[in-house]
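Okay, so here's the structure we're looking at.
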Amino acid sequence: MLTVVEALQKIMDAAAPQGTRIISIEKALSHVLVDDVLADRPLPPFDRVAMDGFAVRSADFKDGAAQLAIVGQIQTGVTSETEIGPGEAVQIMTGAPCPASADAVVKIENATIDGAKVNLQEPKIKPGMNIASMGEDAPEGKVLIKKGYPLTTAGIAICASVGLEQVKVYRKPNIRVISTGSEIIAPSKQPLPNQIRDCNSYTLRTMSRAMDLDVTFMGIGEDDTGVLGNMIEEGLKGDILILSGGVSMGEFDHIPGLLAEKGVEKILHNILVKPGKPVWFGKSQNGAFVFGLPGNPVSVQTCFKVFVEPFIRKLSGHHSGENDFMRLPLSEQLISKTKRELFMPGRLSMHNNQTHIQPVIIKGSGDFANFEQSHGLIRVPLEESQIDVFSLVDFLPWGELW
Ligand code: AMP
Ligand code: MG
């Protein structure tokens with residue numbers, strides 16, 4: 001059986017970006033840039049004053065003080081020709097260009113205006129004080145954001161700063177979701193004692209939307225080859241079809257057989273992981289990808305996080321897509337009773353003023369109340385049966401932490 005590393009290798013090898021499009025930066029959060037974003041002019045574009053105060057010549061100061069003649073005022077957003085000579089100062093605003101003849105700015109708090117003169121106190125006066133010189137943040141042409149990375153809020157602000165209101169990004173895949181199982185009913189229905197309300201499609205829809213993907217829920221399919229076959233055919237019209245349930249070894253677990261029948265090539269089935277061992281992954285003849293996830297709701301959320309999210313990131317143009325684990329100390333000893341790689345829910349907690357990870361014990365797949373308390377997943381490597389308190393572990397946060 002494939003290890004998690006081997007399975008992820010196969011999953012990531014199958015993922016290649018699916019085209020590009022141009023979108024407004026307002027809509028571009030988390031989309032991956034096709035091109036580097038460059039500084040279109042030096043940043044700052046001129047010697048920019050960083051404080052409201054007086055632009056001065058530092059050489060005019062003796063023992064940190066000077067009395068200077070006020071020769072004018074420079075506001076932001078206006079072109080000023082005002083220059084100063086020895087013994088002179090000009091009142092100036094934060095964000096205005098500093099005149100070439102001044103080499104420092106003394107903040108207004110250190111100034112006392114006395115008619116046409118100003119008394120300045122600045123014990124630390126030196127050239128460059130309170131002036132951000134042209135190009136000191138970035139020279140023209142410098143790469144400010146690298147291609148192949150998702151746009152962040154600060155990245156969008158950079159795009160706006162360099163005049164890009166639209167950017168070229170990789171297209172994100174759309175998702176189709178099917179819940180399977182003859183016992184599964186819509187949450188709006190009154191369940192019989194042997195029926196279970198569908199929650200998996202909500203997990204899959206929510207996690208997909210959190211990645212800013214278009215999701216279509218195709219409905220709940222009973223464990224009937226005819227019904228499921230038709231739903232799969234429809235599902236394969238999207239970029240990625242995600243099924244929950246019906247991939248294990250049971251008599252009515254029809255999904256692997258049906259997918260083969262519909263021409264979906266199997267890339268992997270079964271991974272040495274807990275939860276999620278029966279995970280199925282493949283690609284249809286028309287290029288749609290299919291994930292079959294075991295129906296246990298804890299497995300669905302875990303497998304989406306561990307296997308589906310990195311695939312979607314890579315398909316969306318991310319340079320690696322791989323899961324970014326945090327490394328944090330355990331707040332208590334952790335025991336694993338499985339020989340498979342274990343992904344166990346964990347919670348961030350504070351001990352001695354430091355962030356730790358606390359294992360969240362769930363009694364079983366139905367123990368949502370405890371599972372819901374988790375902030376992410378603790379990775380317990382293959383064959384590891386015990387991790388001691390304060391040892392560092394890999395932690396994969398769900399995303400929205402609190
Ligand atoms: P399966 O993978 O089909 O064998 O399902 C494993 C377990 O998950 C069974 O107890 C199912 O009833 C349950 N299950 C399957 N699909 C869903 C769903 N959509 N919502 C909630 N529970 C489910
Ligand atoms: Mg089932």
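Counting convention: from 1, in listed order, for ligands and their atoms alike.
Counting heavy atoms from C-beta on, the side chains of W280 and I255 never come closer than 4.5 Å.
Protein residues with a heavy atom under 4.0 Å from ligand 1 are S179, T180, E183, I184, I196, R197, D198, C199, N200, S244, G245, G246, P294, G295, N296, P297.
In plain terms, the two heavy atoms of D60 and E88 that are nearest each other are OD2-N, 3.9 Å. In terms of heavy-atom proximity, T82 sits nearest to P99 at O-CB, 3.4 Å. Residues A55 and C98 approach most closely at CB-SG, 4.4 Å, considering heavy atoms.
The local environment of CG in D214 is sparse, with at most 12 non-hydrogen atoms from other residues, nucleotides or ligands closer than 6.0 Å.
Taking the ring axis of F46 as reference, the NZ or CZ atom of R48 does not stay both within 45° of it and closer than 6.0 Å to the ring centre.
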